[in-house]
Amino acid sequence: MVMENVTDSLSLLWSNSTTIETATLASEYTLYYYIQLFSIVSYSITCLLGTSGNGLVIGICTFKMTKTVNVIWFLNLAIADFIFDIFLPLHIVSEAMYTNWPFGGFLCKIKNMVLYLNMMASISFLVVISIDRCLSVLHPFWSRRYRKPNLAYKVAFVTWVFSVIVSSPYPAFYDTVAEWEYNTTVCFRSYAVPFEDFSEKAFSIMLMRHKVMIITRFVTMFVVPFTIIIICYGAIAVKIQQRPYHRTSSRPFRIIITILVLFFMCWFPFHSLPWLDASEYILWPYDVHLIAETLATCLAYFNSCLNPILYFFMGRDFKDMFRRPILSVFEGAFNEEQTPASMDSRSPPKSSSEVESCLL
């Protein structure tokens with residue numbers, strides 16, 4: 001009788017533990033399924049909006065518009081985002097195949113280099129645009145004299161060279177490995193350490209390179225650019241506030257706040273999450289970490305299609321915009337007829353739109 005009770009108890013315990021384990025696995029699978037679905041939908045939307053929006057900008061700027069300084073800035077910004085957007089289908093296919101990477105080691109390296117090249121180039125051109133706007137407002141006569149397309153081309157070239165140099169180590173940091181147990185191939189971050197090397201020295205090298213990469217990326221792709229953008233638009237806001245005839249309009253300040261908030265929302269989660277992962281004092285549940293990482297990545301990717309919307313259509317009259325031909329809309333966005341120098345003339349501008357042209 002006692003043995004039967006013990007047997008029944010063990011059977012019940014095993015049954016309960018099996019049920020709990022099955023329920024846990026089912027819950028994790030359901031969570032992963034929804035995260036996978038969300039990622040695929042988000043990447044697809046970003047790809048469609050990014051390729052169409054940035055492609056339209058590139059086409060109009062290249063073939064339909066005079067190469068002014070504004071056109072050069074936004075053309076390069078669109079090129080940086082477009083290059084990333086055309087690689088997004090690789091992410092989508094891999095995500096749909098449960099992170100299986102069927103495209104080989106070369107595209108694994110190129111895909112990740114393009115990701116970080118886009119980050120660096122896109123953020124760098126946002127900084128260049130901010131500095132250009134700041135100089136146009138604070139030093140209008142100097143800007144009128146030296147702000148020429150030839151100088152803009154040189155600045156754009158230096159920006160691309162700098163972006164390529166910063167992103168050049170990433171191809172060596174990524175590789176593919178075959179998981180024979182699941183019959184899949186994964187594109188993962190190896191930090192140029194052989195996958196078969198399980199020694200303590202190899203682990204130390206990977207950890208050191210991981211920390212260096214996090215610090216470099218966080219400083220060069222977020223802290224420094226964000227600080228410069230805040231300083232530039234802060235100086236513009238102060239300059240505008242000092243002009244009595246502009247105090248009735250709050251639109252320029254809404255534009256400044258929106259630019260800063262969107263920049264922060266898109267990039268801060270992506271750059272701050274690795275710091276939390278590396279912390280020894282913060283332990284996340286796996287599902288929380290997976291959700292946070294997915295949202296941060298989707299936001300960072302979405303930035304590649306956000307720039308055309310933000311910098312070309314913000315602050316405009318949308319009703320009037322949809323009545324006008326698309327070329328006319330972009331010509332209005334790039335219009336430099338209202339020069340910043342006019343803000344320092346003796347006669348005040350007729351409306352606040354002249355100030356807004358320096359912000360957009």
Exercise for the section: Identify the heavy atoms of Phe188 and Thr176 that sit nearest to each other, and give their distance. Expected result: CE2-C, 4.2 Å
Handout entry: CE (Met208) with more than 12 external heavy atoms under 6.0 Å
Key = yes
Handout entry: Sidechain-backbone polar pair: Asn54 side chain, Gly50 backbone, donor-acceptor under 3.5 Å
Key = yes
Handout entry: Spacing of CD1 belonging to Ile229 relative to CD1 belonging to Ile131, to within rounding of 0.5 Å
Key = 9.0 Å
Handout entry: Heavy-atom donor-acceptor pair, Asn118 side chain to Ala80 backbone, under 3.5 Å
Key = yes
Exercise for the section: Classify the ring geometry between Phe270 and Trp267 as parallel (under 30°), tilted (30 to 60°) or perpendicular (over 60°). Expected result: perpendicular
Handout entry: Straight-line distance of Thr297 OG1 to Leu115 CG, nearest 0.5 Å
Key = 8.5 Å
Practice task
Drop me the distance from Tyr153's OH to Ile72's CD1, to the nearest 0.5 angstrom.
Solution key: 4.0 Å
Handout entry: Within-4.5 Å side-chain heavy-atom neighbours: Arg189 and Asn112
Key = no
Handout entry: SG-SG distance Cys232 to Cys134 under 2.5 Å
Key = no
Problem - Test of ring centre spacing under 6.0 Å for Phe222 and Phe268 - result: yes
Handout entry: ring-ring contact (aromatic ring centres under 6.0 Å, His included) partner of His91, chosen from Phe103, Trp101, Tyr301
Key = Tyr301
Exercise for the section: Give, for atom CZ of Phe162 and atom OG of Ser124, the distance between the pair rounded to the nearest 0.5 Å. Expected result: 5.5 Å
Exercise for the section: Take Phe264 and Phe226, measure what ring-ring contact (aromatic ring centres under 6.0 Å, His included) needs, and give me the verdict at the end. Expected result: CA-CA 8 Å; Phe264 186 85; Phe226 190 56; 5.7 Å; yes
Problem - Side-chain donor-acceptor pair present, Asp85, Thr51, cut-off under 3.5 Å - result: no
Practice task
Check whether any side-chain heavy atom of Ser94 lies under 4.5 Å from a side-chain heavy atom of Cys187, and answer yes or no.
Solution key: no
Practice task
Taking all heavy atoms of Thr62 and all of Ile58, pick out the closest pair and write down the distance.
Solution key: OG1-O, 2.6 Å
Completion exercise
For Thr216 and Thr220 the tightest heavy-atom approach is O-OG1, 2.6 Å
Exercise for the section: Using atom types as modelled and distance alone, determine if a side-chain donor or acceptor of Ser143 lies under 3.5 Å from a backbone N or O of His139. Expected result: no
Handout entry: Heavy-atom side-chain contact between Met113 and Tyr174 under 4.5 Å
Key = no
Handout entry: Donor-acceptor contact present, side-chain Asn303 to main-chain Leu299, <3.5 Å
Key = no
Exercise for the section: Measure the shortest side-chain to side-chain distance between Val224 and Val219 over non-hydrogen atoms and say whether it is less than 4.5 angstrom. Expected result: yes
Exercise for the section: Please test Met65 against Leu75 for side chain to side chain contact (heavy atoms under 4.5 Å, CB included), starting from the C-alpha separation and ending with a verdict. Expected result: CA-CA 11 Å; Met65 301 190 68; Leu75 173 60; over 6 Å; no
Handout entry: Aromatic plane relationship, His271 with Phe218 - under 30° parallel, 30 to 60° tilted, over 60° perpendicular
Key = perpendicular
Problem - Any donor-acceptor pair under 3.5 Å from Ser168 side chain to Ile165 backbone - result: yes
Completion exercise
Correct closest heavy-atom pair for Glu293 and Leu273 would be CA-CD2, 3.3 Å
Handout entry: Candidate list Asn70, Thr68, Leu135, test side chain to side chain contact (heavy atoms under 4.5 Å, CB included), partner Arg147, passing option
Key = Asn70
Handout entry: Crowding at NZ, Lys154 (>12 non-hydrogen neighbours, <6.0 Å)
Key = no
Problem - CD1 on Ile291 to CZ on Phe38, rounded to 0.5 Å - result: 10.5 Å
Practice task
Could you check Asp81 against Cys305 for side chain to side chain contact (heavy atoms under 4.5 Å, CB included), going step by step and ending with a plain yes or no?
Solution key: CA-CA 7 Å; Asp81 290 334; Cys305 72; over 6 Å; no
Exercise for the section: For Arg209 and Tyr191, indicate whether the former's side chain and the latter's backbone hold a donor-acceptor pair under 3.5 Å. Expected result: yes
Problem - Sidechain-backbone polar pair: Lys109 side chain, Phe173 backbone, donor-acceptor under 3.5 Å - result: no
Problem - Any donor-acceptor N/O pair, Asp132 side chain to Val128 backbone, under 3.5 Å - result: no
Fill in the blank from the handout: All heavy atoms of Pro149 vs all of Val69, minimum pair found to be N-CG2, 3.9 Å
Exercise for the section: Grab the two heavy atoms, one from Arg217 and one from Pro274, that are nearest each other, plus how far apart they are. Expected result: NH2-CG, 3.1 Å
Problem - Interatomic spacing from CE in Met120 to OG in Ser167 - rounded to 0.5 Å - result: 9.0 Å
Exercise for the section: Look only at the side chain of Gln36 and the backbone of Glu95, and say whether a donor-acceptor pair between them is shorter than 3.5 Å. Expected result: yes
Practice task
Please check if the side chain of Thr294 supplies one atom and the backbone of Leu290 the other of a donor-acceptor pair under 3.5 Å.
Solution key: yes
Problem - Chi angles and distances behind the side chain to side chain contact (heavy atoms under 4.5 Å, CB included) call for Phe84, Met119 - result: CA-CA 9 Å; Phe84 172 74; Met119 287 185 196; over 6 Å; no
